Amino acid sequence: MRLVSTHVHPVKSLAGVDVDHATVEPWGLRHDRRWVLLQPDGAVLTARTAPRMLGLTAKPGPGSITLDDSAGASLTVAEPKDGPPAGTTLSRLDTLRLAAGEAHDWLSDRLGQPVRLGWLDDPRRRPVSAAHGGRPGDPLNLSDAGPLLLATLPSLRRLRDWIVEGALERGEPAPDPLPMARFRPTVVLDGPVEPFAEDGWARVRIGAVDFRVSERCDRCQLTLIDPETLTRGKEPIRTLARHRRQDGKTWFGVRLIPVTTGEISVGDPVVAG
């Protein structure tokens, strides 16, 4: 197997960027999911309820991020190392640091509702939940449950086949292939493995960096939103519910916790088992 793509999403629920190289830190990839949008009451805003977030892109920079919208406007926001604290409802975390007011205004204008941009100064303040495979000392960025999400192309190909089969059974035309971006993975693998072989893995080595598989990933309604058109459909949850439903949930991909740290690069060999 090989690592075929790596993805960094600096702001939770905003579009991110593909990178050829990434630094694995104890809490996830460097720059990944360190920022989040907060509603006035401190509740986290995600694309599950605000799909327009997927139309904004966040790119990492040295000590900053750059926000871009579909019209070509952009704003660079510095990490608010001394920014005022703000309370949040995010699990296992009491406060975040707020960015400068210009960032709040820029984002609020584009999303059509008041939001504030928060930054996690130290991921060691937020542990991985034991309910999601965390062990004492496992830190976490602002991801829902695990530092990294791994998906494989063999699994995606099988899912695409199932979607086409279902459409033909219903007398519908075959849809366009579902993009991997629907699942917002951190790392994507390809190679001569069976679809969904990752369900049974306990360890993964990418290049020289080791990871522990903490759990399978249950999929939410965010996967129903097309990141290009921002419209909501029935796939892939409809097909996953038919073929991959267990314990009342649908499953695709697995979550990883770093055991060691270091650099990973597209093309790195992968060993799993």
Side-chain angles (χ1 to χ4, degrees), residues 1-19 22-36 44 46-48 54 58 60 90-91 120 123 126-129 131-134 138-156 159 178-191 193 195-207 209-225 227 236-237 240 244 249-259 261 264 266 268 270 272:
M1 286 186 294
R2 297 278 174 178
L3 176 66
V4 295
S5 65
T6 307
H7 312 274
V8 174
H9 299 83
V11 181
K12 188 178 179 70
S13 269
L14 265 60
V17 294
D18 301 346
V19 296
T23 300
V24 179
E25 299 175 320
W27 42 83
L29 297 186
R30 182 171 294 171
H31 305 301
D32 190 52
R33 294 171 172 86
R34 290 289 295 273
W35 303 74
V36 69
V44 172
T46 74
R48 296 182 186 94
L54 295 174
L90 195 71
S91 60
L120 177 58
R126 186 177 186 234
V128 179
S129 168
H132 291 288
D138 286 337
L140 182 60
N141 54 26
L142 298 177
S143 299
D144 287 342
L148 289 90
L149 174 63
L150 178 152
T152 72
L153 288 181
S155 298
L156 180 64
L159 175 59
L178 187 81
M180 183 65 88
R182 287 288 189 100
F183 298 102
R184 298 174 67 84
T186 318
V187 291
V188 179
L189 311 182
D190 197 9
V193 296
F196 306 106
E198 60 272 21
D199 288 355
W201 295 345
R203 298 274 177 168
V204 176
R205 167 171 279 198
I206 302 175
V209 182
D210 292 318
F211 303 87
R212 183 178 89 248
V213 177
S214 54
E215 62 176 353
R216 294 185 299 162
C217 183
D218 54 310
R219 308 314 311 205
C220 70
Q221 61 177 325
L222 182 58
T223 61
L224 301 176
I225 303 171
I237 296 298
L240 287 175
R244 298 276 298 166
K249 299 177 181 180
T250 58
W251 307 91
F252 188 91
V254 295
R255 296 185 174 109
L256 302 180
I257 294 177
V259 175
T261 58
I264 59 174
V266 171
D268 278 349
V270 177

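Not measured: the values here are computed from a predicted model.
- Paired with Met1 under the rule side-chain contact (heavy atoms from CB on, under 4.5 Å), one option of Val270, Leu153, Thr152 passes, and it is Val270.
- Every residue two or more places apart in sequence or in another chain that forms a side-chain contact (heavy atoms from CB on, under 4.5 Å) with His7 is listed here: Ser5, His9, Asp18, Pro185, Val188.
- The OG atom of Ser214 sits 8.5 Å away from the CG atom of Asp138 when rounded to the nearest 0.5 Å.
- With sequence neighbours left out, the salt bridge (charged side-chain N to carboxylate O under 4.0 Å, His left out) criterion links Arg126 to no other residue.
- Here the straight-line distance linking atom CE of Met180 with atom CG of Leu156 works out to 4.5 Å at 0.5 Å rounding.
- The shortest distance between side-chain heavy atoms of Leu54 and Arg184 falls below 4.5 Å.
- Residues Asp32 and Pro147 come closest through the heavy atom pair OD2-O, 4.3 Å.
- Rounded to the nearest 0.5 Å, atoms CG (Leu240) and OG1 (Thr223) are 7.0 Å apart.
- Both the sub-6.0 Å distance and the 45° axial angle are not jointly satisfied by Arg203 relative to the ring of Phe211.
- When every heavy atom of Leu256 is checked against every heavy atom of Val204, the shortest pair comes out as CD2-CG2, 4.2 Å.
- Listed by chain and number, the residues in a side-chain contact (heavy atoms from CB on, under 4.5 Å) with Thr46 are Lys12, Ser13, Val44, Arg48 (sequence neighbours excluded).
- With sequence neighbours left out, the salt bridge (charged side-chain N to carboxylate O under 4.0 Å, His left out) criterion links Arg255 to Glu215, Asp218.
- For Arg30, the salt bridge (charged side-chain N to carboxylate O under 4.0 Å, His left out) partners at least two apart in sequence or on another chain are Glu25.
- What you find for Ala145 and Val128 is that their closest heavy atoms are O-CG1, 3.5 Å.
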Intermediate values then yes/no, side chain to side chain contact (heavy atoms under 4.5 Å, CB included), Leu189 and Val4: CA-CA 5 Å; Leu189 311 182; Val4 295; 5.8 Å; no

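- Classification of the Phe183-Phe252 ring pair by plane angle, with boundaries at 30° and 60°, yields parallel.
- Taking Arg219 as the reference, nothing meets the salt bridge (charged side-chain N to carboxylate O under 4.0 Å, His left out) condition, with sequence neighbours excluded.
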